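What you are looking at is a predicted structure, and each value in this text was computed from that prediction instead of being measured.
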Amino acid sequence: MISCDLAPNEQWDDALASIKILCQPWRWYGKNEILTVKKYILEHLKVSNAEIHFFLTGRFALYYLLKSLNFKKGSEIIVPAFTCEAVILPILALGLKPVFVDIEKNTYSMDYNNLKSHVSKQTSCLLIQHTFGFRPSDQEKIIELALKHNLVIIEDLSHGFFNYQIPSIIKKKGEKKNLNYFLLLSFGRSKCLSSVFGGTIVSFNKKIDKNLKTDQKEISQITYSHLIKLLIYKPIVFLAKKTYNIFGLGKLIHYLYRNSPFFPLEITQKEKNGQLDQSLNYHYPNALAYLLLNQIKKSEKTNRKRLEITHFYQKELSFPKTNDILIRFPYLVKNPKKLIEIMKKNDIYLGRWYEQVVAPKDFLLNITGYQKGFCKTAEKVCQSIVNLPTNIDLKDAKKIVKILKENPD
């Protein structure tokens, strides 16, 4: 099967890594692999003046960062109107107000011109999302505007870690200063690097580092039973994918697994109802860092494949060429549901990031304060978008493009 949503990163070696660490419980709560991941992140970003803070999820990484910043209740946090609940729930949980800015058509990230009219005296923070891995076309202008208004800047690199370069305007601030500038990473199962769960804050501010370290002391270690649930995810899902069409064996494995108490939900029902779920609030365990390192070791090869497939889609589907490494390729069609059904018949399962301005589609959007018609470009994109997989072979990409051209509507 070819899938955007069902563990798109997982290969046989990821399943094997999970089995290996499952058999070594004495390494589950150490720090060796976590320190190696930290070193890799700093070297990749080419920074020496940053501190990295690990959490079980990206949403709690964002939660504790916002908490450490001590914003007044009701302070406004500007976000793009094409995002997910993991960005919005920490804002709401702290009594802060998300303010939605429309997106630009080419990168699906925050539109600079629309942003300018939304900065107010109540604005405290700006969250810049690198959607699908695209670098925002006006990134420097956006950051310059934020600095002009003394706003805290958070760049969400959950989709686009490998494309990131520190903006020149931030470099000019110098390494010795405490900057209100932070990076957010997520290592969820569908991100550019996956350890099933995981998230980090890269901080350039020593005062906030101190606050984050204080908060982390109150967080518990993940339980053995919960960690085992995460560690068995990769081998079970890999087996399901490989046997998906062998007399329906994989479909049965996936169905039974998803409906069992052993399946770790990516989004809980509590979160869909608008509450930050504390069952995901733990330290990031060394065992998951072990899984992450396996993905890091092969990331260069994976990224070459993603870039090759992205360029192929762009050429064949008449899109402007980009050298950004995309974890999904966004494609707009008149009837997404029809196309998805056609693809399913060909054993291809497309994604739908995002079906509403705050995904998933069954998330209670009204609790965010968003009003219909407020961000028209984002709403239009949500009605039309499908995602094409990029971590696939060229043969499979050709099959996808062939079907798209045969079904232009």
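- D324 and H130 share no side-chain donor-acceptor pair at under 3.5 Å.
- For the 3.5 Å distance criterion, the side chains of Y181 and E155 qualify, holding a donor opposite an acceptor.
- Between Y354 and F82, the ring planes are perpendicular. Angles over 60° get that label, and only those under 30° would be called parallel.
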Worked verdict on D14 versus Q11 for side chain to side chain donor-acceptor pair (under 3.5 Å): CA-CA 5 Å; D14 297 296; Q11 298 174 332; over 6 Å; no

Let's go through S195 and Y284 carefully: what are the C-alpha distance in whole Å and the side-chain angles of both, what is the deciding distance for side chain to side chain donor-acceptor pair (under 3.5 Å) to 0.1 Å, and is it a yes or a no? CA-CA 10 Å; S195 56; Y284 185 65; 2.9 Å; yes

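- Taking all atoms of both residues into account, the shortest heavy-atom contact from K305 to N391 is CD-OD1, 3.5 Å.
- Taking the ring centroids of H118 and F374, they lie under the 6.0 Å cut-off.
- The backbone N or O of F132 sits less than 3.5 Å from a side-chain atom of H159, completing a donor-acceptor pair.
- Between A378 and A81, the shortest heavy-atom distance links the atoms CB-O, 2.8 Å.
- By the 6.0 Å contact criterion, NZ on K399 is enclosed, its count of non-hydrogen atoms from other residues, nucleotides or ligands being greater than 12.
- In terms of modelled atom types and a separation under 3.5 Å, the side chain of T310 and the main chain of R306 share a donor-acceptor contact.
- A donor-acceptor pair is defined here as one N or O able to donate and one able to accept, closer than 3.5 Å; no such pair exists between the side chain of N303 and the backbone of I325.
- Between the side chain of S75 and the backbone N or O of K72, at least one donor-acceptor pair lies under 3.5 Å.
- Between P389 and C4, the shortest heavy-atom contact is N-SG, 3.3 Å.
- Taking the six-membered ring for Trp and thresholds of 30 and 60 degrees, F162 and H44 have ring planes more than 60 degrees apart, a perpendicular arrangement.
- In this structure, L291 CG and E10 CD are separated by 8.5 Å, a value rounded to the nearest 0.5 Å.
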Check the pair T322, F134 against side chain to side chain contact (heavy atoms under 4.5 Å, CB included), reporting the backbone distance first and the verdict last. CA-CA 8 Å; T322 176; F134 284 112; 4.0 Å; yes

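- Here F319 contributes atom CZ and Y313 contributes atom OH; the two are 11.5 Å apart, rounded to the nearest 0.5 Å.
- For the ring-ring contact (aromatic ring centres under 6.0 Å, His included) with F55, the lone residue among Y63, F60, Y64 that qualifies is Y64.
- Dense packing is recorded around NZ of K270, with more than 12 heavy atoms of other residues, nucleotides or ligands lying under 6.0 Å away.
- The distance from atom OG1 of T57 to atom CZ of F54, rounded to the nearest 0.5 Å, is 14.0 Å.
- Listed here is the closest heavy atom pair of V87 and T83: CG2-OG1, 3.4 Å.
- Remark: side-chain polar atoms of R352 are not paired, donor with acceptor, to backbone N or O of I340 under 3.5 angstrom.
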Apply side chain to side chain donor-acceptor pair (under 3.5 Å) to N205 and N180, showing your working. CA-CA 6 Å; N205 189 306; N180 280 323; 3.2 Å; yes

Side chain to side chain donor-acceptor pair (under 3.5 Å) between T107 and E104, intermediate numbers included: CA-CA 6 Å; T107 69; E104 55 183 13; 2.4 Å; yes

